[in-house]
Structures are given as structure tokens and as C-alpha cells.
Amino acid sequence: MSLAHTAAEYMLSDALLPDRRGSRLKGLRLELPLDKMLKFVTVGFPLLLMSLAFAQEFSSGSPISCFSPSNFSVRQAAYVDSSCWDSLAHHKQDEAGQYKVKSLWPHKALPYSLLALAVAMYLPVLLWQYAAVPALSSDLLFIISELDKSYNRSIRLVQHMLKIRQKSSDPHVFWDELEKARKERYFEFPLLERYLACKQRSHSLVATYLLRNSLLLLFTSATYLYLGHFHLDVLFQEEFSCSIKTGLLHDETHVPDLITCRLTSLSVFQIVSLSSATVYTILVPVIIYNLTRLCRWDKRLLSIYEMLPAFDLLSRKMLGCPINDLNVILLFLRANISELISFSWLSVLCVLKDTTTQKHNIDTVVDFMTLLAGLEPSKPKHLTQQVCDEHP
């Protein structure tokens with residue numbers, strides 16, 4: 001009996017989780033993997049395109065090439081290029097002989113519009129960092145700590161039960177006390193469950209998360225409008241007619257009315273416009289999927305922790321509408337599953353629980369570890385029969 005008792009003690013000691021208070025804050029993930037991917041793409045992609053536009057401008061020199069008259073000197077030709085790039089307007093003659101001016105300013109504003117897009121896409125990230133991360137980090141640290149502590153309390157409780165059973169001379173007294181403790185719910189530690197239930201009535205985290213993704217959709221829609229209204233009209237126009245007869249050159253007869261210029265950076269402009277439209281079109285379903293995850297509960301994570309005493313959010317049907325802070329916290333618990341040391345142990349116990357032949361007697365980790373330690377999860381039948389014989 002002493003060997004069995006020692007083996008049970010070793011098994012229960014190994015089942016206890018180590019204390020990791022110091023290193024938890026550094027490894028805590030306060031952004032979901034999908035949100036992190038969206039941040040890198042929505043912010044990094046415009047910055048990448050902006051660097052491409054600036055690199056093309058620095059490598060090829062002037063972004064336009066004007067066909068100046070042959071009698072123009074080199075300095076005059078350079079002036080034509082500079083003047084036409086500054087005005088960047090296409091002069092087109094209509095049927096009545098009047099000139100209509102069409103501005104080509106999106107070519108000039110391309111790098112700066114990409115920078116403005118990157119800054120706008122980073123605003124939802126800043127909103128989340130300053131409005132949600134402080135409260136979320138404290139919630140996660142408390143919940144992760146309490147989940148692991150609750151598991152450890154269950155194991156220590158089984159160790160204590162094993163010691164009492166070894167010291168008890170009358171097995172009837174031990175089982176009577178054990179059944180009384182279960183009836184009075186002494187094994188349950190309801191602090192965590194009540195805290196999570198309170199989070200179902202809180203909506204600050206979920207409102208910030210919804211606002212973050214809604215802003216992404218809003219800025220993506222604004223990008224579509226900008227590309228469609230300004231870029232599409234000049235996307236395929238490589239040449240334009242420029243007028244330099246302004247100022248001191250207005251009355252010069254040797255200066256032609258219009259000079260033809262060609263946009264040497266049109267290919268880069270087309271690549272930037274089409275790639276931006278393609279990438280942000282792909283991101284829209286991802287953002288929508290991100291929002292739809294708030295419409296359902298992660299019941300698998302909850303079902304694993306149903307093995308803990310006083311953690312029966314599922315079995316007691318305490319889950320209501322999933323659009324609340326608790327659902328957001330569950331998403332981040334899933335993302336920080338490596339920080340939940342108790343999750344792997346409870347997952348194994350759930351698998352073993354489903355395969356055991358005494359399912360009706362096993363509800364919590366206390367019952368299962370009691371069984372593994374060599375104790376019956378409930379009063380043995382021979383003791384129950386003996387009591388019935390003594391009190392017919």
C-alpha cells in the first residue's frame with residue numbers, strides 16, 4: 001500500500017504546473033495573428049510602393065520627357081520639362097476650338113498619397129494599442145494565471161484527499177466527508193467563473209475591436225474611391241500637350257502654343273494603381289471574416305476547461321450573445337495557448353475521460369486525478385452495501 005501511495009504522490013507532483021510569473025508579460029500576444037497580418041499588409045504595402053516610386057524618380061531623373069522645338073537650347077529644353085512637370089496639365093482642343101485643361105496631378109502626388117494611405121491604415125492599430133491593449137493585457141494575465149492556479153488547486157486537493165484517506169482508519173468517515181464536500185461545493189473556486197460572467201456584460205473591448213476593423217473597411221473604401229476617381233482617368237494616358245506660353249513667354253511668337261510631353265513614369269504609376277486595387281480587394285474578405293469571428297463562441301476552448309471545478313459556462317448555458325468582451329478574450333486566449341500550461345494537461349485528461357469506462361462518475365479534473373491516484377471517484381459499492389446491511 002505504501003508503494004502505491006508513493007507512486008500516486010509522484011504522479012500528482014509531476015502533474016503540478018511550474019510557476020512562470022516573471023516571463024509571462026514578455027511573451028503575451030496582444031494582437032491576433034490575422035490582425036497582425038492585416039497590419040503588415042495595409043501599412044507595409046503602401047510604404048513599399050512609395051519606395052518604388054521614389055526609387056524610379058531618383059534613378060531615371062525627370063519623370064517626363066518633352067519634345068521641345070529643335071531651335072531650343074539645352075537650357076530652354078530643361079525649362080520646358082520643368083515647367084510642364086510643375087503644371088502637369090493636358091490641353092485638349094474641343095470641337096468649338098476652345099482648349100480644355102485636364103489636370104494630371106495624381107502622377108505628381110503618387111508617393112505622398114501612398115504615405116497618407118499608410119498613415120491612415122496605421123490609425124486603427126494605434127486605436128487598438130492605446131484603447132484596448134492595457135485592459136486586455138491585465139485581463140489575460142489574470143485569467144491565464146487563475147486557470148493554471150485552478151488546475152494546480154485541483155491537483156493539490158487530490159494530494160490532500162490521498163493523505164487523508166491514508167490516515168483515516170474508518171473509510172466510511174472519509175467517504176461521508178468527501179460526499180458532503182461535493183454536495184456543499186467545497187471543491188469549487190468560483191472567482192474566475194464569476195469574473196468571466198462579468199465580462200459577458202462588458203463591451204469596451206469588443207467595441208474597440210469592431211471600430212478597428214470598421215475603420216479598415218472605411219479606409220479601404222476610400223482607397224477604392226480615390227483610385228477610381230483620380231487614377232482611372234489618367235491610368236493609360238502616356239502623352240499630354242503642355243502649354244508654356246505663360247508669364248514672360250506669353251507674347252513670344254517663336255514659342256509654339258502646345259508642346260507634346262511623355263510620362264516616363266507611367267509604368268510605375270500603373271503598377272502602383274493596379275497592385276493597390278488588387279491587394280486591398282483581397283483584404284476585404286479577410287477583414288469581414290475577422291468581424292464574423294465575433295459572432296460565434298470558441299466552445300472547444302471552453303469545453304476543455306469545463307474539467308475545472310466551478311467552470312461550467314457551457315453546461316449551465318451561461319453563454320448568450322457572443323458580441324461581448326468575453327468572446328474577444330477567448331480569441332486572445334486561443335492566440336496565447338502556449339502561455340496556458342494547463343491547456344495541454346486538460347486536453348489529455350479530456351481525451352482520457354472520453355475513453356474511460358466510468359464516464360458517469362467523472363466530471364472534473366479532481367474526479368479524474370482521484371481515479372488515477374488509486375481512489376474511487378465515489379463511494380465503493382461494497383461500502384455502500386455494508387451501510388445498507390447495518391441500517392436495513
Side-chain angles (χ1 to χ4, degrees), residues 30-66 78 81-90 102-131 133 211-240 242 261-290:
L30 299 174
E31 263 192 313
L32 297 176
L34 206 55
D35 292 328
K36 189 174 292 187
M37 183 271 291
L38 285 172
K39 179 182 71 174
F40 283 131
V41 175
T42 56
V43 178
F45 188 70
L47 294 177
L48 177 65
L49 295 179
M50 183 185 70
S51 63
L52 174 64
F54 277 124
Q56 191 275 338
E57 183 178 343
F58 293 145
S59 61
S60 62
S62 178
I64 65 172
S65 176
C66 295
D81 289 351
S82 176
S83 177
C84 289
W85 176 248
D86 289 341
S87 62
L88 206 60
H90 175 53
K102 175 184 175 182
S103 177
L104 304 177
W105 67 267
H107 288 275
K108 187 186 297 186
L110 180 62
Y112 310 103
S113 61
L114 291 171
L115 178 60
L117 177 61
V119 171
M121 289 298 182
Y122 194 67
L123 291 179
V125 179
L126 289 178
L127 172 70
W128 180 256
Q129 288 291 332
Y130 287 100
V133 163
L211 182 58
R212 173 182 180 172
N213 287 275
S214 300
L215 285 176
L216 283 178
L217 287 176
L218 177 63
F219 293 148
T220 303
S221 302
T223 303
Y224 289 149
L225 291 176
Y226 175 79
L227 293 174
H229 189 267
F230 296 108
H231 282 218
L232 189 60
D233 192 34
V234 298
L235 189 61
F236 302 103
Q237 184 167 349
E238 186 176 7
E239 295 183 352
F240 66 97
C242 173
C261 297
R262 186 172 65 87
L263 292 163
T264 58
S265 60
L266 181 65
S267 59
V268 174
F269 184 82
Q270 291 174 336
I271 291 173
V272 169
S273 302
L274 295 177
S275 60
S276 297
T278 303
V279 167
Y280 284 104
T281 301
I282 295 174
L283 288 181
V284 169
V286 179
I287 299 173
I288 294 176
Y289 170 75
N290 227 14

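Numbering of residues begins at 1 and proceeds along the displayed sequence.
- Under the 4.5 Å side-chain criterion, counting only non-hydrogen atoms from C-beta, V41 is in contact with L283.
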Without placing hydrogens or testing angles, list every side-chain donor-acceptor pair under 3.5 Å for residues 225-237, not counting sequence neighbours.
| from | atom 1 | to | atom 2 | distance (Å) |
| --- | --- | --- | --- | --- |
| H231 | ND1 | S273 | OG | 2.7 |
| Q237 | OE1 | K102 | NZ | 2.9 |
| Q237 | NE2 | E239 | O | 3.3 |

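- Checking side-chain atoms of S103 against main-chain N and O of A89 turns up no donor-acceptor pair under 3.5 Å.
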Practice problem: Go through the steps for M121 and T220 under the test side chain to side chain contact (heavy atoms under 4.5 Å, CB included), then give the verdict. | Solution: CA-CA 9 Å; M121 289 298 182; T220 303; 3.7 Å; yes
Quiz prompt | Chi angles and distances behind the side chain to side chain contact (heavy atoms under 4.5 Å, CB included) call for H107, L266 | solution = CA-CA 8 Å; H107 288 275; L266 181 65; 3.7 Å; yes
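- To the nearest 0.5 Å, atoms CD (E238) and SG (C261) are separated by 12.0 Å.
- Residues Y280 and P46 are in side-chain contact: their nearest non-hydrogen atoms beyond the backbone lie under 4.5 Å apart.
- Pairing each heavy atom of P106 with each of F269, the nearest pair is O-CE1, 3.6 Å.
- With a 4.5 Å cut-off on side-chain heavy atoms, S275 and F45 count as touching.
- For the pair R212 and V125, the minimum side-chain heavy-atom distance is below 4.5 Å.
- A heavy-atom distance below 4.5 Å is not found between the side chains of L117 and F219.
- Applying the side chain to side chain contact (heavy atoms under 4.5 Å, CB included) rule to L127 yields the partners A131, T208, L211, L215; only residues at least two apart in sequence or on another chain are considered.
- Proximity of V43 to V119: side-chain heavy atoms (C-beta onward) are nowhere separated by under 4.5 Å.
- By the 4.5 Å heavy-atom criterion applied to side chains, S51 and L48 are counted as neighbours.
- Atoms CZ and CG, from F240 and L88 in turn, are 5.5 Å apart once rounded to the nearest 0.5 Å.
- Under the rule for a side chain to side chain contact (heavy atoms under 4.5 Å, CB included), the partners of L34 that lie at least two apart in sequence or sit in another chain are M37, V286, Y289, N290, R293.
- Here the straight-line distance linking atom OH of Y112 with atom CG of L110 works out to 10.0 Å at 0.5 Å rounding.
- Distance check, rounded to the nearest 0.5 Å: CG of L218 to OG1 of T223 gives 9.5 Å.
- Counting only heavy atoms from C-beta outward, the side chains of S87 and C242 approach each other to under 4.5 Å.
- Atom CG of L216 is separated from atom OG of S221 by 10.5 Å, given to the nearest 0.5 angstrom.
- The 12-atom threshold is exceeded at OH of Y224, counting heavy atoms of other residues, nucleotides or ligands nearer than 6.0 Å.
- Of the inter-residue distances, the one linking T42 atom OG1 with I287 atom CD1 reads 7.5 Å to the nearest 0.5 angstrom.
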